[in-house]
Amino acid sequence: MLERAEIEAILDEVATVARPLCREGKVADYIPALAKVPSDRFGLCLHLADGQEFCVGDCDEPFSIQSVSKVFNLAIALEWIGEEIWKRVGREPSGTSFNSLILLEQEQGIPRNPFINPGAIVVVDALINRFPLYTQQLRNMMRTLSGNDQVVYDREVWRSEREHGDLNRAMAWLLKAKGNLVAPPDDTLDAYFRGCSLAMSCRALARAGRFLVQGSGDWPVIRNQDRRRRILSVMRLCGLYDAAGDFAYRVGLPAKSGVGGGILAIVPGVCSIAVWSPALDAKGNSLAGVKALELLVASQISSGHGLERR
């Protein structure tokens, strides 16, 4: 078992190696509010199943979690709605960009998985149709899971996405045309954009992901352990857009990224990891974040705390 000082030294080394990649990526400037975020930010938080926590860098600076919110939407949908959600969305890797209309048209309005934009829009549509106050409930749940009452929707990011989300709007109307959207498209998109605009720090996000580690956490999002395992499987297959295969090869952990630069990764039974660096690669994933996770699973922590590839 590694001592605390040894783990902290490893995290410092990971940050030292990964942080320079901030200069090589590009922030998500197609969302104007995200274009304002300094590209040199880097934070990482490791939250162990026994409650120990290790952080480095800008781990307490809130950022827009964007598509990482899709993990929580899916978990809540499975708990509140059940397996019937899979009648409206698949569980297969897309092989195309997260905002592509091509497969959605070809496959008659059934998105490949819940982590690409059309699939996430369908999941949110199912939730708001049954639970009209869902956006308020989601925010409150994220506060409970993270133990942080400061988790809020970033209104500037939310407005920016609403004003510049024409491609998402096209997806919603195509879903409506194919009979796979129940609520009015603008209502579904409003709730979808709110979820993407959730502002959380690495520390808060790592804590919120605890329920996927071993079903722990202050609020039992997932009571069924088989369901938790299946969510992790979808994260492993589809969590990093059309770079999921490369990430699985390099890192090997179930994870979900967002274009705000955040990544939530899970080591089942061991820990949750949140890393943030807003400079992205061509696929929309954090360059420094992916590198940090790759270095972390290759470090001595692997033998000391079980962060091996599973």
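All values below were derived from every heavy atom in this structure, side-chain atoms included, with hydrogens, water molecules and symmetry-related copies excluded.
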What pairs of residues pass the side-chain hydrogen bond (donor to acceptor under 3.5 Å, both in side chains) test when at least one of them lies in residues 256-273, not counting sequence neighbours? Ser257-Asn285

Would you say that Phe115 contacts Leu74 through its side chain, given a criterion of any heavy-atom pair below 4.5 Å between the two side chains? yes

Identify the heavy atoms of Gly90 and Ile110 that sit nearest to each other, and give their distance. N-CG2, 4.3 Å

Contacts of Gln106 meeting side chain to side chain donor-acceptor pair (under 3.5 Å) (sequence neighbours excluded), chain-then-number -> none

Between Glu92 and Arg112, does the salt bridge (Lys or Arg N to Asp or Glu O under 4.0 Å) criterion hold? Intermediate values first, please. CA-CA 5 Å; Glu92 297 293 335; Arg112 277 286 180 95; over 6 Å; no

Given salt bridge (Lys or Arg N to Asp or Glu O under 4.0 Å), test Glu161 with Arg194 step by step and report yes or no. CA-CA 9 Å; Glu161 294 205 58; Arg194 283 183 186 272; over 6 Å; no

Contact check, side chains of Met171 and Pro118, non-hydrogen atoms, under 4.5 Å: yes

Whether Ser277 side chain and Arg41 backbone form a donor-acceptor pair below 3.5 Å: yes

Ignoring hydrogens and angles, tell me if any N or O in the side chain of Asp154 forms a donor-acceptor pair with the backbone of Val157 under 3.5 Å. yes

Kindly indicate whether a cation-pi arrangement holds for Arg228 with Phe211, taking the cut-offs as under 6.0 Å to the six-membered ring centre and within 45° of the axis. no

Closest non-hydrogen atoms of Arg210 and Leu145, given as atom of the first, atom of the second and distance, are NH2-O, 2.8 Å

What distance do Leu46 atom CG and Cys55 atom SG have between them, rounded to the nearest 0.5 Å? 8.5 Å

What distance separates Glu13 CD from Leu295 CG, expressed to the nearest 0.5 Å? 8.5 Å

What's the separation between atom NZ in Lys36 and atom CD1 in Ile31, rounded to the nearest 0.5 Å? 13.0 Å

Suppose we screen for side chain to side chain donor-acceptor pair (under 3.5 Å). Which residues come up paired with Arg203, at least two apart in sequence or across chains? Glu53, Asp60

Taking C-beta and beyond as the side chain, do Asp29 and Leu34 meet within less than 4.5 Å on heavy atoms? no

Sub-3.5 Å donor-acceptor pair from the side chain of Ser67 to the main-chain atoms of Gly258, do we have one? no

Is the side chain of Gln66 donor-acceptor paired with the backbone N or O of Cys196 at a distance under 3.5 Å, no angle test? yes

Applying side chain to side chain contact (heavy atoms under 4.5 Å, CB included) to Glu163 and not counting sequence neighbours gives Arg159

Short question: side chain of Arg91, backbone of Asn113 - any donor-acceptor pair under 3.5 Å? no

Is it the case that Asp50 and Gln52 place a side-chain donor and acceptor less than 3.5 Å from each other? yes

Does the Glu6 side chain pair with the main chain of Glu3, one donor and one acceptor, at a distance under 3.5 Å? yes

How close do Ala208 and Met142 get, heavy atom to heavy atom, and via which atoms? CB-CE, 4.2 Å

Looking at CG of Asp186 and CZ of Arg162, how far apart are the two atoms once the value is rounded to the nearest 0.5 Å? 7.5 Å

Going only through I, L, V, M, F, W and Y residues with side-chain contacts under 4.5 Å, is there a path from Val71 to Trp80? yes

Just wondering, do Phe54 and Glu8 contact through their side chains at under 4.5 Å, heavy atoms? yes

Any side-chain heavy-atom pair of Leu104 and Leu174 under 4.5 Å: yes

Please determine whether residues Tyr192 and Phe131 belong to a single hydrophobic cluster, defined as Ile, Leu, Val, Met, Phe, Trp and Tyr linked transitively by side-chain heavy-atom distances below 4.5 Å. yes

Do side-chain atoms of Asp281 reach the backbone of Gly284 as a donor and acceptor pair under 3.5 angstrom? yes

Within the 6.0 Å centroid threshold, strictly below: Trp276 and Phe42: no

According to a 4.5 Å side-chain heavy-atom criterion applied to Ile, Leu, Val, Met, Phe, Trp and Tyr, with indirect links allowed, do Leu287 and Val275 form part of one hydrophobic cluster? no

Inter-residue atom distance Ile121.CD1 - Asn168.CG, 0.5 Å rounding: 4.5 Å

What heavy-atom pair brings Leu293 and Ile273 nearest, and what distance separates the two atoms? CD2-CG2, 3.7 Å

Under the salt bridge (Lys or Arg N to Asp or Glu O under 4.0 Å) definition, can you give me all pairs with a residue in residues 122-136, not counting sequence neighbours? Glu84-Arg130, Arg88-Asp125

What one should report as the nearest heavy-atom pair of Val89 and Pro114 is CG2-N, 3.6 Å

Residue pair Arg169 / Pro185, side-chain heavy-atom distance below 4.5 Å: no

Would you say Tyr153 and Thr135 are linked by a side-chain donor-acceptor pair, where the criterion is simply a distance under 3.5 Å? no

Closest contact, heavy atoms only, Pro254 versus Leu232: CB-O, 3.5 Å

Any chain of hydrophobic side-chain contacts (each under 4.5 Å) joining Leu237 to Leu78? no

Measuring only between side-chain heavy atoms, which start at C-beta, is Ser233 closer than 4.5 Å to Arg236? no

Val123 reachable from Leu167 in the ILVMFWY side-chain graph, under 4.5 Å edges: yes

Within the 4.5 Å heavy-atom criterion, are Val251 and Leu240 side-chain neighbours or not? no

Tyr134: what forms a side chain to side chain donor-acceptor pair (under 3.5 Å) with it, not counting sequence neighbours? Asn73

Counting distance only, does the side-chain N/O of Asn180 pair as donor-acceptor with the main-chain N or O of Gly109 below 3.5 Å? yes

Keeping Ser299 on the side-chain end and Leu296 on the backbone end, is there a donor-acceptor pair under 3.5 Å? yes

Hey, could you give me the CD1/CG distance between Ile116 and Asp242, rounded to the nearest 0.5 Å? 10.0 Å

